[in-house]
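Notes follow once the structure below has been shown.
Because only heavy atoms are used, hydrogens play no part in the values below, and waters and symmetry mates are left out as well, while side chains stay in. Chain naming here is simple, since letters A, B, ... match the order of the sequence lines and numbering starts at 1 in each.
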Amino acid sequence: MSDAVAGVRPVRDAGVTVAGRGSGALGKSQSEQSGTAGARIGVITFPGSLDDVDALRAARAVGAQAVSLWHADADLHAVDAVIVPGGFSYGDYLRAGAIAAQAPVMRSVIDAARGGMPVLGICNGFQVLCEAGLLPGALMRNAGLTFRCRDQYLRVERAGTVWSGRYAPGQHILIPLKHADGRYVAADRDLDALEAEGRVLFRYSAGPAGGDAGEAPAPCGSAGAERLRSAPSGEAERKPRDAYGPPRDPANPNGSLRDIAGVCSADGRIAGLMPHPEHAIDLLTGPSTDGLPLFASLIDALGRSGTAPAVSAAAR
Amino acid sequence: MARVAVDVVIKPEILDPQGKAILAALGRAGHEAVRSVRAGKHFDLEVDDAVTDDELETLAGSVLANPVIETWTVTRIPAPTGAESDAGTSR
């Protein structure tokens, strides 16, 4: 691998201004865009990553310095936290996230995470963290075998962690979801342990109106892909189709056991979820800005502790 | 070179929607005698002769299969006797 490839790559920016940050963000380097000198959030790019750019934007949106990390470079470039983004790393060959989990940068992430560095895996990043052994369980093909793409309500099951400090327990948030391999599975005893230890971070939900409505989340913002596709036929298309699995909560999009959408480590510092908070930071493109507090929570936690490990005591 | 086959199958207690879809397709094709299908993966490896069974087990269980959701079997494939040109060099 050449040095040119292995080094820190410039942040690609779609040229869309993040809400609330004014137009000054356009065309500036990543360091110029940072709001606070202290927090450096790294985002890994693997071959096949798709949502690294949005994750970098989310980092900047909460005033952090966004640092692009490259899969073949084991150097974490002194970041305070790492986001493993969504996409189809290495084409999802073997199993989703399996090959990325062996990448040089992940060796460093695993070591740093075990030392207390906060790590967030989103979608494919969640799959990578499970494959790397940083989070329990595994993510398998959706129960209905269909690629799900819609806005999804989640219920915050555990607030107060590094990644959920800005949420209230039981709060419903609406963020996009898009995956084919999002069915969370683990052995029953492991699921029991997760529940007992408060390590279920988010659960799929039908929204604040209640879980028995039998209907997927009502749109409250701009149109998502599934709504656009289903617009002519209307309601029928919005209902989850669970032809190949027992129907559970109708809001569960993929057959995840116990409706689990996201889990975390015991101290809350390592977290993963299938839906995409980084796509819900700007009303121009997302259904809400409900994803923003997740990233702001990290900034709060880093601010409290300087460089990390001390926060865990306050995290629960 | 030794040849090794690794077969990986989803654990029986875990839902295999692909297997169910294949089962349904077999039924539509008239093969109603098929009662169950579990989809899996098959890997053919060529490895150095010195590789031990322990190492094969480790690589199968840590990379080729995910022990959370899958089981696997490792099978050494006997070298073909008297076939092709390399038969002479590898006894």
Side-chain angles (χ1 to χ4, degrees), chain A residues 90 92-103 106 110 126-148 180-191 193-194 240-248 252-258 263 272, chain B residues 3-29 31-48 51-52 54-75 77:
Chain A
Y90 302 90
D92 273 355
Y93 291 171
L94 189 56
R95 296 176 302 278
I99 298 188
Q102 308 290 335
M106 283 307 299
I110 291 167
F126 185 16
Q127 297 160 341
V128 172
L129 296 187
C130 288
E131 283 284 345
L134 286 176
L135 290 171
L139 293 139
M140 302 188 68
R141 180 62 45 92
N142 292 348
L145 287 175
T146 51
F147 187 99
R148 302 311 307 260
D181 295 275
R183 175 167 53 104
Y184 186 78
V185 299
D188 272 344
R189 64 176 185 283
D190 294 334
L191 292 169
L194 281 175
R241 293 161 296 179
D242 284 328
Y244 299 100
R248 293 176 179 275
N252 184 331
N254 51 32
S256 286
L257 295 178
R258 306 192 191 185
V263 299
Chain B
R3 289 184 59 220
V4 175
V6 178
D7 288 283
V8 177
V9 183
I10 294 172
K11 285 182 179 175
E13 68 269 26
I14 290 180
L15 174 71
D16 175 17
Q18 293 182 89
K20 291 201 178 222
I22 295 164
L23 178 65
L26 286 170
R28 286 193 295 275
H31 302 291
E32 281 147 14
V34 182
R35 299 295 175 199
S36 171
V37 177
R38 306 287 292 178
K41 300 190 186 92
H42 175 92
F43 302 90
D44 281 323
L45 312 182
E46 286 185 357
V47 302
D48 293 344
V51 169
T52 64
D54 281 350
E55 183 171 359
L56 292 174
E57 195 64 21
T58 301
L59 70 87
S62 62
V63 178
L64 299 183
N66 179 343
V68 175
I69 50 173
E70 294 166 328
T71 60
W72 65 93
T73 55
V74 177
T75 311
I77 309 294

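For the pair B:Pro17 and A:Leu145, the tightest heavy-atom approach, listed with the atom from each and the gap, is O-CD1, 3.5 Å.
Looking at A:Ala138, both its backbone and its side chain come within 4.5 Å of chain B, counting heavy atoms on both sides. Neither the backbone nor the side chain of A:Asp190 comes within less than 4.5 Å of any heavy atom of chain B. At a 4.5 Å heavy-atom cutoff, B:Glu13 makes no contact with chain A through either its backbone or its side chain.
Rounding to the nearest 0.5 Å gives a distance of 8.5 Å between CD of B:Gln18 and CE of A:Met140.
Contact annotation for residues 54-68 of chain B against chain A (heavy-atom separation below 4.5 Å, listed by residue number): B:Ser62, B:Val63, B:Leu64, B:Ala65, B:Asn66, B:Val68.
For the set A:Arg95, A:Arg141, A:Gln102, the count of heavy-atom pairs under 4.5 angstrom toward chain B peaks at A:Arg95. Top candidate by heavy-atom pairs under 4.5 Å with chain A, chosen from B:Ile69, B:Val8, B:Ile10, B:Asp16, is B:Ile69.
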